[in-house]
Every structure is written in C-alpha cells, then in structure tokens.
Protein chains: 2
Amino acid sequence: MAGKRVRNMEEFAELSGISRPTVSKYFNNPDSVRKTTRARIEQALEEYDYRPNIYAMNQNRRLTKNIGVVVPYLADPFFAEIARNIERRCIDAGYFPLLFSSHGETAQENAILDSLRSLKPAGVLLAPLGRRSDMDHVRRFCDEVPTVLFDSYLADVGAAFVGSDHAQVVRLIVDYLCRSGEPPVYFEMRNLVNPNANRRRNGYLAAMESLGQTPEILKIDGDGWNFEEIGFRGGVAAIESGGFATNTVLCNNDRLAIGLIAAAWSKGVRVGRGPGCTLRVAGMDDHPFSQFTCPPMTTIAQDYANISDTSVEQLFAALENDAGSADRVEILYEGRLVMRDSA
Amino acid sequence: MAGKRVRNMEEFAELSGISRPTVSKYFNNPDSVRKTTRARIEQALEEYDYRPNIYAMNQNRRLTKNIGVVVPYLADPFFAEIARNIERRCIDAGYFPLLFSSHGETAQENAILDSLRSLKPAGVLLAPLGRRSDMDHVRRFCDEVPTVLFDSYLADVGAAFVGSDHAQVVRLIVDYLCRSGEPPVYFEMRNLVNPNANRRRNGYLAAMESLGQTPEILKIDGDGWNFEEIGFRGGVAAIESGGFATNTVLCNNDRLAIGLIAAAWSKGVRVGRGPGCTLRVAGMDDHPFSQFTCPPMTTIAQDYANISDTSVEQLFAALENDAGSADRVEILYEGRLVMRDSA
DNA sequence: ATAAAAAGTTTACGCGCGTAATCTTTCATC
DNA sequence: GATGAAAGATTACGCGCGTAAACTTTTTAT
C-alpha cells in the first residue's frame, strides 16, 4: 500500500481492471464477488493506497457498518474491559465500533443516543445508566435502532438483554458467608443508581430468609459514581458509630467494598478471616482491582466474557432478523465465587 | 423538536423560510448568519425534527468537526479520566470527539490512525503507546493531520506535546523520601513500555546523585499493561529473595505500587511510616485508586486537569494556524506531592 | 438620505459512492 | 460443446449537502 494515492473508486477501479460497481460490491462484502476478482482487487489494494470515502459510502446506505457502544461510566475498569472485548468482536465481524460513555449523566446518555441516531448505526450495544436513564428516550431510540441492552436491566426495551443473574450471585455469596461465619450485613448506597442494585438487595433478603437468618441492611449516603469514596465514608461513619450488627459485611459491589476495606484500615479494624481479624468484607463483581486490596477481596465474579460475547452475538442475531420481530430475549449469566482473604 | 420529520436541508430551508445555502452556512457556523436569521432557523429547529445528514455534510468538507482522541489503554482509569475531560472540552467547543484505545498494541494503534485518517478529523489528540509506537507510522499520520501528543513523549512529532515534567516529579518525591527516612530503591519494569518510564528513571538517578545518595534500581520482569499484577509478582519475588536495599521503595508508577503493597501484605510485611512498619512504598501518578490502598499511598499527583485542558487548547491553536507552520510547542506540568501513609 | 458593506437569494455544479437495469462475459454442468 | 446460471461490465441516476457566482435585499455608516 505504498503506491500513489488514488482519488476515488472510479480511478481505483480502472487501476485494478474491474468495473466500479463491482469494486463497490467488493467493499460492501468481499465475499460477494468471484474469488479471482477479489484477488485482483486485493492485489491492487496492496499496490495502491486507496480507501473508500466513508462519508460517501454511508450517505446512500440506509445502515452503516457502525456499531454504537454506550457504557454508563468508562472510568470504571469493569466497563472499560467489557467495552474492549465488545470492540474486538465487532471489528472481527467487519463492523466499526464507536465508543461512548454517559459519565453517569442522564443528559449525556440522551445526547449520545441522539447523535448516534444520525450516525445510522447498524446496531447499538447499550449499558444504560439504569435508574437515571430517561426511559422514554431510550425506548424511542430502541424503536428505531436495533439495540441490545446489557448489564443494567430496563424492562421491555431493546431486542435483547444480557446480564448477570443477580439473585444467584447474591445467594452464592450469602450462602458462603453464612456457612463460614456470622451472617452478613448488607452494605449499600441509599440512592440506588441502577436496578441491579435493587435486584441484589432483594436477592440478599431472599437468601437470608431461606437460610433462616435475619437480614440487616445498612444504607449509606452519597451520590454519583465515585463508589470507593462513598464506601470509605460510609465505612468510617459506620465504624465510628459502633460498628456493624455482625462481624461480616457484604457490599453491593466491589468498589464500595474497596472503600470499606480502606475505611476499616484507617480505623484500625483488621479485615479478613484469619486470627486477629474482627471484620469480614465481601464484594460483588470481581473488579480488576479487587485482587489487590489488603487483604485480597472475596467476591463474586461476573461473567464478563460471556456477557460481552453474548451481547454482541445477540445484536448480530437481531440484525439478521431485519424485521426485528423476533421475541425479546433475556440472558442471564451466573456468577462464580472468588474466595480470597477478606471474607 | 417534536414536529414532523424533515427529509433534508432543502425541505427544512423551506419550512424555516430561509434559503438552503444560508441554512447550510448556519450549520457550519451559527455565528456566520445574522442574528435574526439565526433566530428564525433555531425556531424552526424547535418546531421540526431535523438534523443535517452527517455523511453528506462531511463528504464535501475537507475537514470535519470530528476530533480523534487516542489513548494507549482505556482500562487504566488515568486515561479514562483524561479522555473524559478532553471529551467535555471538545464538545463545548462544538466538536465531535471520537474515542479510541490502542489496548497496548502497536497494530491497534496503527489501525486506529489509519481509520482516523479516513474520517478526515479536524485534529487528533494522541497519547501514543510510547516505546511500542510505530514511529514512522505516527509521523506520517502527524504530517497529514493536525495532532497534539500528550502524556507519552515522542521526539519531533506532532504540533505540540503536553505532559508532565518527570524530572521534577521524581525529584520531588525523592527529596521527600530522603528527607523523611532512608533513601529509596527504584522499582521499575525491565521492559519499559514508554519513554516516560525512562525519564523517570533518569530523574531518579539525577535526584539521588544531587543528594549524595547511592541509587539502587530494581528491575522486575513482566510484559504488557497489567502493571498491578507485575508489581505484585515482582514484589513477592523481591521480598522472598531478601527484601530491598533500603526500607523505602519508589515505584515507577502507582499501579506498580498497588501491586507491591499487595505483595507486601501477602508476605506479612507492614507498609507505612508508622511504628511497626518495615517498608515504605511510594508511587507516582496519583492514580484514582491510590487513596484506597492500605495504607493510602504517598505519591505525586500528575496535573491531570492541566494536561488535558492544555492539550485541547494546543490543538485548537494548531487548527487556527492552518499552515501548521508554527513551531512545535512542548509544555510540561509539575507534579504535586500527595502525602498519605505509605511512605 | 445615500452610498457602501454585509447578508441573503438564486442558480448551478460537483463530491464519491450506492444501486438499479440491461447487456455481455464467464463458469459450471451434463 | 451446448446450455443455463452466475458474475461482471456499462450506463445512468440520485443521495444530501458544500460551495461558487451573480444578483438582490437589508443593514450600517456617513
């Protein structure tokens, strides 16, 4: 591709000895032309430096090869990892992923969906803000663009939903904690930012009940997505006001737990299940940093890989059934207990 | 904007009672039309649901309003935060930021630059991989597209470079560590992934020398961007083979330090500067998670805000001087000592 | 009020490509 | 080697908008 610069498809078609319409077909789908033709085009592609003008391509196409990927908060490594995996899959399938972060703000999410619409994407993978999502806005968007929702559940929106089975996730860790020591107090934010948090809380209640234990919920204050900070402050406040109902705390998510563990440290409370430890702290998510807390955090791993892979697959499936008439699918993956030293 | 859907600018122009060329002017720059005209257009915009076709707009424009933002590793909250800030600034200035992550891979960085070129961006903000960047590729790109580099220094490439003054950063923390206890051993990866690491190491050498101390460098193995993991393993290995030359370790960056602190914990070595502590660990960057390590990490804060703001400003400045003939600028920001409890 | 400048209108063309229709060549099959 | 099907070539049109040129209206300055 070192050769001279080619202006447009017309010129490139001449150079490769193939007609422009056929070259056009090739770029839309390399498999749609004969092998020998494809070879000739690809050889010319090596010789000359030509790439079709994206804007001219997409202007006349009803749909582009773009795929929008929208996450609520990209500074959270959890979403960064998922986005990365999704990106890879889309590229491998010949699509062009475009990554957006809502930064936790409703207005931002709406704005992203609006501009996404004018990009005529083939489809969109959306992890909505959840509680703070503008449901009507999201629904209107999904009516026009094939969309698969993941991570955060919104009822009856989009072509599919892929996420974790939070009831199972919570049951797993509650079981473990009860089996191995005192039953857990549940540590969560007062203002739940997404429906997953709700499901987890309900899962906790159900799991405790089925084990004949008395649930105990500690709601902490704080707003936004700075969960570690919120967990830290909530933890300090809890410890200062006399500690927890039992010696075991289950946090709504790892980031909160990271904050709580730091809070315990700062107050001289030793976390862990070894001798001399007076507090067990468990999280949920298996956040990338959770293995580096002190002590390393016991948590439940969400099935990152399956969630992102399946989301992409579901989107592709939805793109096939042009009609979009297929029934809405909901796929939930189970979590896996990751036993480390904090609980 | 609830009204009926408008097909194209022609139709919208009719509805607003303004000629199409003028409407076109408006969309390219709302200030380029008379206030009264602008008002009429914007009123029509409220009434009808119209947005110009992006693809048709950009097809004939030499440059678009797109701004490419490329970072080496988006799963690192440091870059996620910078990207977020940059995004905000671009949007406020009427541009459309497009975010890409090289995921630590040369091929990926090259691919991003290639597709970026065909997006005809007005400009690009690039934090290159550094050592693993394909210099020729980057240089060719910068010759065609106005580009500001940030974070990772590449010599003589792009319209400007904005980053940290690593020499100063290291001097600051070395000074502090020497003043407050034993001089630091320097903890870094054997395969330096970017030139900043080099500068920091040299900064360490210089600072130690100027203080009349003997520098001591510990190189650890590991490849890729999973720094915490690498720091952890390196830490465990170092401790098992007899510990460090002094009781103080300065890590090349916070993520390595996070791993080292976890390693110390796992080996029963108490980190901090209080009584009973046998190891001091300091990092550099003030990574978002560093305040939640146990103990909280002493580190040097990079000037996130200034670096991202200035990068954007420099890019806009470069866009003004169409010619691109202006001299290449290099702007370095100083770090700030963040004293916490780990050192 | 009047001239000059600024802004808007009309008209017209082209960008680079998608794509449909018709015709011609190539290929696989027996 | 004949035959039908599949693929490519030719021709032609249009997408939605940028933009230039020539002309007309509005605004600003004197």
Side-chain angles (χ1 to χ4, degrees), chain A residues 5-45 48-66 94 96 115 117-122 322, chain B residues 5-45 48-66 94 96 115 117-122 322:
Chain A
R5 190 142 210 138
V6 180
R7 290 199 180 160
N8 53 31
M9 197 180 280
E10 187 93 41
E11 198 173 316
F12 176 76
E14 266 186 59
L15 289 169
S16 62
I18 306 287
S19 74
R20 189 179 68 77
T22 303
V23 171
S24 171
K25 267 191 82 181
Y26 166 83
F27 279 111
N28 290 332
N29 178 8
D31 287 322
S32 67
V33 302
R34 208 183 292 148
K35 281 188 300 297
T36 59
T37 334
R38 178 171 177 171
R40 287 171 65 186
I41 293 177
E42 283 170 353
Q43 190 197 321
L45 231 32
Y48 305 97
D49 178 19
Y50 170 71
R51 303 188 66 167
N53 180 312
I54 301 186
Y55 300 105
M57 275 184 64
N58 288 336
Q59 174 175 10
N60 298 319
R61 223 206 278 285
R62 205 173 59 78
L63 294 179
T64 67
K65 285 286 185 179
N66 296 332
F96 190 78
S115 47
R117 187 162 17 203
S118 63
L119 287 172
K120 299 193 280 189
D322 241 3
Chain B
R5 193 148 207 129
V6 180
R7 290 200 181 162
N8 53 31
M9 196 180 279
E10 187 92 44
E11 199 173 315
F12 177 76
E14 268 186 57
L15 289 169
S16 61
I18 306 287
S19 74
R20 190 180 68 76
T22 304
V23 172
S24 172
K25 268 190 79 178
Y26 167 83
F27 279 112
N28 289 334
N29 179 6
D31 288 322
S32 68
V33 302
R34 207 182 290 146
K35 279 188 301 297
T36 58
T37 330
R38 177 170 178 172
R40 285 171 69 187
I41 293 177
E42 282 171 352
Q43 189 196 324
L45 231 32
Y48 305 97
D49 179 19
Y50 170 71
R51 302 187 65 165
N53 181 312
I54 301 185
Y55 300 106
M57 274 185 65
N58 288 336
Q59 173 175 11
N60 297 320
R61 222 206 281 284
R62 206 173 57 81
L63 293 180
T64 67
K65 284 287 186 179
N66 296 332
F96 191 77
S115 49
R117 187 162 17 200
S118 63
L119 287 171
K120 298 193 278 189
D322 242 2

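Just so it is clear, the values below take in all heavy atoms, side chains as well, and ignore hydrogens, waters and symmetry mates. To find a chain, count down the sequence lines: A is the first, B the second, and so on, and within it residues start at 1. If you're wondering where the values come from, they're calculated on a predicted model, not measured in any experiment.
Put simply, CD on E11(B) is 12 Å from C1' on dG16(D), counting in whole angstrom units. The separation between R34(A) atom CZ and dA5(D) atom P is 17 Å, rounded to whole Å. As rounded to whole Å, 13 Å separates atom C1' of dG16(C) from atom CD1 of I54(A). Atom-to-atom, CG of D31(B) to P of dA6(C) comes out at 17 Å; the value is rounded to the nearest Å. Between the OH atom of Y26(B) and the P atom of dA7(C) there is a distance of 16 Å, rounded to whole Å.
Between the side chain of S16(A) and the main chain of I41(A), no donor-acceptor pair closer than 3.5 Å is present. Not one N or O on the side chain of K25(B) forms a donor-acceptor pair closer than 3.5 Å with the backbone of V33(B). Between the side chain of K120(B) and the backbone N or O of Q59(B), at least one donor-acceptor pair lies under 3.5 Å.
Y50(A) and E11(A) share no donor-acceptor pair across their side chains, judged by distance under 3.5 Å alone.
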Pairs under 3.5 angstrom, nitrogen or oxygen only, protein versus nucleotides 17-21 of chain D, please.
from, atom 1, to, atom 2, distance (Å)
dC17(D), OP1, Y50(B), OH, 2.5
dC17(D), OP1, N53(B), N, 2.9
dC17(D), OP2, M9(B), N, 2.4
dC17(D), O2, N60(B), ND2, 3.0
dG18(D), OP1, N28(B), OD1, 3.3
dG18(D), OP2, S24(B), OG, 2.4
dG18(D), N7, R20(B), NH1, 3.3
dG18(D), O6, R20(B), NH2, 2.9
dT19(D), O4, R20(B), NH2, 3.2

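Under 4.0 angstrom from either OP1 or OP2 of dT9(C) there lies at least one side-chain N or O belonging to S19(B).
At least one side-chain heavy atom of R51(B) sits under 4.5 Å from a side-chain heavy atom of S115(A). Looking at heavy atoms from C-beta onward, Y55(B) lies in side-chain contact with L119(A) at the 4.5 angstrom threshold.
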